[in-house]
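Nothing fancy with the numbering, it's 1 onward along the sequence. For the numbers below, each heavy atom of this structure counts, side chains included, while hydrogens, waters and symmetry mates do not.
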Amino acid sequence: MAQRDSIRNIAIIAHVDHGKTTLVDEMLKQSGTFRSNETVQDRVMDSNDLERERGITILSKNTSVHYKDVKINIIDTPGHADFGGEVERIMMMVDGVLLLVDAFEGCMPQTRFVLKKALGLHKKALVVVNKIDRPGARPLEVVDEVLDLFIELGADDDQLEFPVIFASARDGYSSKDPNAREGDMRPLLDAILEEIEAPKGEIDAPLQILFSSLEYDDYVGRIGIGRVERGRINRNENIVLCKADGSQEQHKVSKLYQFEGLKRVEVESAEMGDIICVSGIADINIGETACSPECIEPLPFIKIDEPTISMNFIVNDSPFAGREGKFVTSRNIRDRLFKEVETNVSMRVEETETTDTFKVSGRGELHLSILIETMRRQGYEFQVSRPKVILKEINGVTCEPMELLIVEVPEEYVGAVIEKLGSRKAELENMGTRDGGSTHLEFKIPSRGLIGYRSEFMTDTNGNGIMNQLFAGYEPYKGDISTRERGSIVVHETGVSTGYGLFNTQDRGRLFIGPGVEVYEGMIVGECAKNEDVVCNVCKKKQLTNTRAAGSDDALRLVPPTVLSLEQSMEFIKDDELLEVTPKSLRLRKRILSKELRMKQMFKHK
């Protein structure tokens, strides 16, 4: 069995916002990937608009650096549990992981999740304690926390002997000394060469490539990204593609690429251990194996965790349908959703009894909201229902998905948080205080108990709280949970909202729109202060008369409206409500727009 010392394959895994993408930036800069006069933006790996706007990584991405005649292939992964499928599938491509931990926050939920996956596949971990220059940093304590986590997750003896590097990715230095405050990234790069194993395998054996990722190019079509597990591959070579359903197809590799820095570079051949891109296979999918025609042996693919939340995507049938969107038909929406499933391995799409509704299942609200936001930016127009958790029957017992919820709040807000979560069937499992006066709380809570909670949490803590969640398996159904306690303010007639109409409505609750907005009957324009829906006429105009009274013509003072984001809108809607999504607008509405029909439906169910 040969070993290729000229290559290292690593993935960078961490909790969200612990500095993965910034660390990759520094490694690229200091390894000479960019020209000295080249202008490089921050977080260069966060390449799509949504990632840059939200400051999070959504998709796994490949890059490489050259150091001491060794090519280091690096895969930058997302930190949110909702995008865990992106982390799980690329683990098959690497020989080791860089586990990045914040020197102040320590081990967080996603740290546990990604590390568990890596240890389960027997990958060697190199721990990097980042942000050691941050006020309140406690690097040595964090190393102890990481060791406890390794033991808790059942790491073997070799994995427990993990090396530690202390770094500040923002300032571009690393060291084995936690007190260092200057230097460069060489200690980290040296540690990668020393500690992460070089790829091992048979170079002269028949070809095997496992595809773990997909990209799309407007010129060459679909591109499969994978690792050469054994043998060699050449451009224009004939291969056999082993499909997920057990069938086999003959194909010819038209082009081969490897990653050099941030670019895909065309190559003539590749061999065992290389991470490559292959074009010329039109219907390639994630998890499939390319083999030599002389020896067809498909490789097993990693099991991806199942989705936990689903929602319906429905063709838009509101009075304003087709005004702002480019793709509005059920065929457009169906094609787009099934195209998403090809690359998004942890998402499921099912057709329903009606042709205008599709059931989409994902890892969490954020996972689904990113798909919705991406589609609306691409010109799609549709409606979505309220997210619902996916129940399972295990040994005859109905079970529901549970979450481990970790909350950090200032001491004065602890009571409000525990009270609210208690009503949502949460159980407090751990509680402690941190330096600086904040309180650390750990809860076990049903996934459905978190739907709609984030906005309440931010209100209860005055924006000072931090919450993170992690899927924690299935447990028996916990019983009914009271949902939103307030009703909706519903529009009485189609028209344009006026300042006068809104002035008379704002005493009823919180408004979501200002004057001059086109509305239709059944559209939701605010949250009622009481636990009931109220129908208001926000298009009402002031009657012009000759009669005048002192002070009656004073300027009307409107409270500024609360503009809901996509996630807040998804959390707000009830089962009898929908969210209308277009490239320009987000509108909340009742499923049944007519007040009379809604009343009939309500009395029918009583």
Side-chain angles (χ1 to χ4, degrees), residues 311-312 314 316-321 365 369 372 382-388 420 423-424 448 450-459 480-499 501-540 558-582 585-606:
M311 62 198 303
N312 289 335
I314 307 162
N316 190 9
D317 61 355
S318 84
F320 295 168
E365 281 178 281
S369 75
I372 294 169
F382 52 96
Q383 300 176 133
V384 293
S385 66
R386 184 171 195 252
K388 288 186 175 178
K420 277 277 170 69
S423 67
R424 291 168 174 265
R448 62 198 165 97
L450 286 173
I451 296 174
Y453 176 65
R454 193 173 289 273
S455 52
E456 281 186 40
F457 174 74
M458 296 313 285
T459 305
D480 292 337
I481 293 175
S482 59
T483 52
R484 198 178 91 214
E485 294 175 1
R486 297 193 173 100
S488 303
I489 299 173
V490 186
V491 174
H492 174 260
E493 63 181 10
T494 301
V496 178
S497 62
T498 63
L502 292 171
F503 179 74
N504 291 321
T505 306
Q506 66 184 10
D507 292 338
R508 298 294 192 93
R510 181 170 62 128
L511 289 175
F512 299 152
I513 65 165
V517 176
E518 282 193 276
V519 295
Y520 53 79
E521 182 188 3
M523 184 171 153
I524 297 166
V525 293
E527 181 183 41
C528 182
K530 296 178 180 176
N531 189 11
E532 61 183 11
D533 293 341
V534 295
V535 178
C536 296
N537 187 358
V538 296
C539 305
K540 190 176 180 183
L558 291 175
V559 177
T562 304
V563 179
L564 298 183
S565 67
L566 174 60
E567 279 89 358
Q568 288 170 328
S569 301
M570 286 167 59
E571 291 176 349
F572 179 82
I573 54 178
K574 290 183 176 177
D575 291 335
D576 66 335
E577 296 167 352
L578 295 172
L579 170 62
E580 181 186 347
V581 180
T582 76
S585 313
L586 294 171
R587 299 186 190 98
L588 302 166
R589 54 161 286 187
K590 286 289 183 184
R591 275 182 190 268
I592 302 170
L593 297 177
S594 164
K595 181 186 175 185
E596 287 73 26
L597 291 175
R598 281 202 307 276
M599 298 297 282
K600 283 180 185 174
Q601 186 83 357
M602 193 168 74
F603 285 119
K604 199 186 287 182
H605 286 297
K606 277 191 174 179

**Study point:** Val559/Leu511 under side chain to side chain contact (heavy atoms under 4.5 Å, CB included): CA gap, chis, key distance, verdict
**Key:** CA-CA 8 Å; Val559 177; Leu511 289 175; over 6 Å; no
Say you draw a straight line from [atom1] of [X] to [atom2] of [Y]; how long is it, rounded to the nearest 0.5 Å?
| X | Y | atom1 | atom2 | result |
| --- | --- | --- | --- | --- |
| Leu588 | Ser569 | CG | OG | 5.0 Å |
| Ile489 | Met523 | CD1 | CE | 12.5 Å |
| Glu518 | Ser585 | CD | OG | 9.5 Å |
| Asn312 | Lys388 | CG | NZ | 7.5 Å |
| Met570 | Leu586 | CE | CG | 11.0 Å |
| Gln568 | Phe512 | CD | CZ | 9.0 Å |

Of the non-hydrogen atoms in [X] and [Y], which two are nearest, and what is the gap between them?
| X | Y | result |
| --- | --- | --- |
| Glu493 | Val519 | O-CG2, 4.1 Å |
| Glu580 | Ser318 | OE2-OG, 3.0 Å |
| Leu593 | Pro319 | CD1-CD, 3.7 Å |
| Pro515 | Leu502 | N-CD1, 3.3 Å |
| Ser385 | Met311 | O-CE, 3.1 Å |

Check your understanding: Going by an N to O cut-off under 4.0 Å, is there a salt bridge joining Asp575 and Arg591?
Key -> no
Review point. Is any side-chain N of the basic residue among Glu527 and Arg510 closer than 4.0 Å to the acidic one's carboxylate O?
Key: yes
Within the 4.5 Å heavy-atom criterion, are [X] and [Y] side-chain neighbours or not?
| X | Y | value |
| --- | --- | --- |
| Ser497 | Val538 | yes |
| Ile524 | Phe572 | yes |
| His492 | Cys536 | no |
| Arg589 | Asp317 | yes |
| Phe503 | Leu558 | yes |
| Phe320 | Thr582 | no |

Point to revise | From CA spacing to verdict: side chain to side chain contact (heavy atoms under 4.5 Å, CB included), Leu578, Ile314 | key: CA-CA 9 Å; Leu578 295 172; Ile314 307 162; 3.8 Å; yes
Exercise for review: Applying side chain to side chain contact (heavy atoms under 4.5 Å, CB included), run through Leu579 and Leu566 and close with a yes or a no.
Suggested key: CA-CA 9 Å; Leu579 170 62; Leu566 174 60; 3.8 Å; yes
Check your understanding: With no hydrogens and no angle check, is any side-chain donor or acceptor of Arg386 less than 3.5 Å from a backbone partner on Ile573?
Key -> yes
Review point. Where the side chain of Asp533 meets the backbone of Ser488, is there a donor-acceptor pair that is under 3.5 Å apart?
Key: yes
**Study point:** Test applied, side chain to side chain contact (heavy atoms under 4.5 Å, CB included); reference residue, Arg598; option that passes from Lys595, Glu596, Lys600
**Key:** Lys595
Review point. Please walk me through it: do Asn531 and Arg486 pass side chain to side chain contact (heavy atoms under 4.5 Å, CB included)?
Key: CA-CA 4 Å; Asn531 189 11; Arg486 297 193 173 100; 5.9 Å; no
